[in-house]
Amino acid sequence: MASDTDSTISESDDPDLTLKWSGRWSLAHRILAVNLLTVALLALSVLYLDQYRNRLSKERTRQTRIEATATAQAILAAGPEDREPILATISKSTGSRMRIYGADGALVADSWHLTGPTYSFRDPDTQAWEKDVARALDRGFNWLVGAKQLDDYEEPKVDRLQAWPEALDAKRTGHAESAVRNAPDLTPVISAAVPVKDELLLITDNDRAFTRTIRSQRATQATIMAAILLLSLLLSSFLARTIVRPMRRLALAAHRVRLGRAREVHVPRLPSRSDEIGLLARSISDMSQSLRQRIDNIEAFAADVTHELKNPLASLRSAMDGLDKVEDPKLRQQLIAVARDDVGRLDRLINDIGEAARTDAELARATFEEVDLGPLIEQLVSSWEGRREKGDVSIAFARPRKATAVVMGKPDRLARAINAIIDNAVSFSPAGGLVEVAAAHVGDEIRIRIDDEGPGVPPEAREAIFNRFHSIRPEEDSFGRHSGLGLAIAEAIVKGHDGEIDVQDRDDAPSGARFTIRLPAADRP
């Protein structure tokens, strides 16, 4: 039981419920920020690697064209007898293969015939599994960035100029042309062709250094991606702290409210948070307080009902017990009259209790309509003319012009509230007294004023008279005619129409009370 009663959760005691720099961010903004940050960092990483690879590929291709152009110029500057030594020397120093094709497209010189192969293609089937993983990553990255698919490199069966598209382009344009193809192990084979008078020079090179550089850079990016993943986990933990934990605390408080074991369950209001969690916390806190107040009101109402029922029941029991012992017919008639009055009092009391109990629920479900209070009050005043309990008290009504005192509400409930105030005014009016009723449109509200000529209401009792079963009656008033619920019902109805009711002393007469009902006008903006 101690754990239920000690349920106060303070923001200052629990840092998990507070937010600092992000306190004014909504949940949607925080979730969006976390997701966008992770996705943005990932996209920037991929974009950087793609741009880096493209720039490096262009640079390596440009260098191959420069190498081909420089070699062609060297061959032109030297004599025919120096052509092969030049090809062999440059081929050994650069690791590339150089071929010269004649005007008819036939191969006339090949550096590998002089130096032997300067590079060789690797068979993927003979390489370790790590290389297979690297190539799979290469393909996945190319698909992700939408890279253009490169052609596979194949040595022509008949080595002629016509087998090389870039050589044909160079012969046609007279400028150096290049191409990039994939070796079997997905390393690039860069080729460049440049005219040499009537002949044409073709350079090919399997640039494995390019692939090593790209994969090394990708490994660096993988480290960055791991850091991004860690950052994402940290941000997710931040979201969990700012969303899940407060929600868990609110759920625990709501569970304690549902159990009802503790007299007071304090729900954290989180005033420092202006996001959805803070709004939810304050709504649940207000709801729990309202629920507790309603439960208290129900308990107090039940206690008051029990107390109020005891008096007429005790009187009725006494009268019924006396009938068995009294033989005098006159006394028996008096006891029967007392019993009849007690039964009538119980009937009125039970009816008023039922009406008081269902007033709030009925108004919460009601559909309001336009109500012209002028005809409604006039009908109420007319109904009082023939009522016995009015005695010789007069009721005057200053009816407003038609459709000038219109409110939104339920006509029968409004009539019940006004009738209760008139009934109260009549009961406190002296013999021959006058009860004045008026309704007027003042500003954006309709004011209903009911004045009597009674003793008035003491200032200290002007709030208490609207409590249930509270009644201050003159001694000569008939026993049991009033349940003490009329003003409480009237106040509940008025508040259910977003109105107010109060009582003051009359300022235009020596004595008397003035009840004022204020209701929103139907034409209020």
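Values in this document were obtained by computation on a predicted structure and should not be read as measured data.
The distance from atom CD1 of Ile224 to atom CG of Leu41, rounded to the nearest 0.5 Å, is 10.0 Å. Taken to the nearest 0.5 Å, the OG atom of Ser216 stands 10.5 Å off from the CD atom of Gln221. Rounded to the nearest 0.5 angstrom, Thr220 OG1 and Met225 CE are separated by 13.5 Å. Rounding to the nearest 0.5 Å gives a distance of 4.5 Å between CD1 of Ile203 and OG1 of Thr71. Leu186 CG to Asp132 CG: the interatomic distance, rounded to the nearest 0.5 Å, is 10.0 Å. The CG atom of Leu107 sits 9.5 Å away from the CZ atom of Arg160 when rounded to the nearest 0.5 Å.
Around CD of Gln127, the count of heavy atoms belonging to other residues, nucleotides or ligands within 6.0 Å exceeds 12. In the displayed structure, Gln162 atom CD is contacted under 6.0 Å by more than 12 heavy atoms of other residues, nucleotides or ligands. Summarising the local packing, CD of Glu500 is surrounded by 12 or fewer heavy atoms from other residues, nucleotides or ligands at distances under 6.0 Å. A 6.0 Å sphere centred on CG of Asp104 holds more than 12 heavy atoms belonging to other residues, nucleotides or ligands. Counting heavy atoms of neighbouring residues, nucleotides and ligands inside a 6.0 Å radius, atom CD of Glu155 exceeds 12 of them. The number of heavy-atom neighbours closer than 6.0 Å to CD of Glu154, taken from other residues, nucleotides and ligands shown, is 12 or below.
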Kindly indicate, with the supporting measurements, whether the criterion side-chain contact (heavy atoms from CB on, under 4.5 Å) is fulfilled by Arg99 and Asp159. CA-CA 10 Å; Arg99 285 173 272 203; Asp159 195 354; 3.0 Å; yes
side-chain contact (heavy atoms from CB on, under 4.5 Å) assessment of Thr187 paired with Asp207: CA-CA 7 Å; Thr187 56; Asp207 193 354; over 6 Å; no
For Val442 and Arg518: C-alpha separation, side-chain torsions, deciding distance, then whether side-chain contact (heavy atoms from CB on, under 4.5 Å) applies. CA-CA 9 Å; Val442 180; Arg518 298 176 177 85; over 6 Å; no
For Tyr101 and Val108, what are the C-alpha separation, side-chain angles and deciding distance, and is it a side-chain contact (heavy atoms from CB on, under 4.5 Å)? CA-CA 5 Å; Tyr101 297 92; Val108 296; 5.8 Å; no
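Side-chain contact of Ser96 with Tyr119: a donor-acceptor pair under 3.5 Å is absent, judged by distance alone. In this structure, a donor-acceptor pair under 3.5 Å is present between the side chains of Glu67 and Thr94. Between the side chains of Trp112 and Thr118, at least one donor N or O lies within less than 3.5 Å of an accepting N or O. With 3.5 Å as the limit, one finds no donor-acceptor pair spanning the side chains of Asn206 and Tyr153. Residues Arg53 and Gln217 have side chains that never bring a donor and an acceptor to within less than 3.5 angstrom of each other. Side-chain atoms of Arg65 and Ser178 include a donor-acceptor pair closer than 3.5 Å.
The existence of a salt bridge linking Arg97 and Asp110 is confirmed by a sub-4.0 Å separation between a basic side-chain nitrogen and an acidic carboxylate oxygen. A salt bridge links Arg218 with Asp138: the closest approach of a Lys/Arg side-chain nitrogen to an acidic carboxylate oxygen falls below 4.0 angstrom. Of the charged side-chain nitrogens involved, none lies within less than 4.0 Å of a carboxylate oxygen, so that Arg181 and Asp152 do not count as a salt-bridged pair. Using a cutoff of 4.0 Å between basic side-chain nitrogens and carboxylate oxygens, Lys495 and Glu491 are scored as salt-bridged. For Glu199 and Arg83, the salt-bridge test passes: some basic side-chain N is under 4.0 Å from an acidic carboxylate O.
You'll find the side chain of Lys92 stays beyond 4.5 Å of the side chain of Ser111, heavy atoms only. Here the side chains of Ile446 and Leu373 are in contact, with some heavy-atom distance below 4.5 Å. Here the side chains of Leu87 and Leu201 are in contact, with some heavy-atom distance below 4.5 Å. Using a 4.5 Å cut-off on side-chain heavy atoms (C-beta onward), Arg447 and Ile517 make no contact. Counting heavy atoms from C-beta on, the side chains of Gln504 and Thr516 never come closer than 4.5 Å. Put simply, the side chain of Thr211 reaches to within 4.5 Å of the side chain of Pro188, judged on heavy atoms. Under the 4.5 Å side-chain criterion, counting only non-hydrogen atoms from C-beta, Ile100 is not in contact with Leu200. Between Leu376 and Ile418 there is a side-chain heavy-atom pair separated by less than 4.5 Å.
Between the side chain of His175 and the backbone N or O of Pro195 there is no donor-acceptor pair closer than 3.5 Å. Asp50 contributes no side-chain N or O that, together with a main-chain N or O of Val145, makes up a donor-acceptor pair within less than 3.5 Å. His441 places no side-chain N or O within 3.5 Å of a backbone atom of Ala405 that could act as its donor or acceptor partner. Judged by distance alone, with hydrogens and angles left aside, the side-chain atoms of Ser288 form a donor-acceptor pair with the main-chain N or O of Ile284 at under 3.5 Å. Between the side chain of His113 and the backbone N or O of Thr115, no donor-acceptor pair lies under 3.5 Å.
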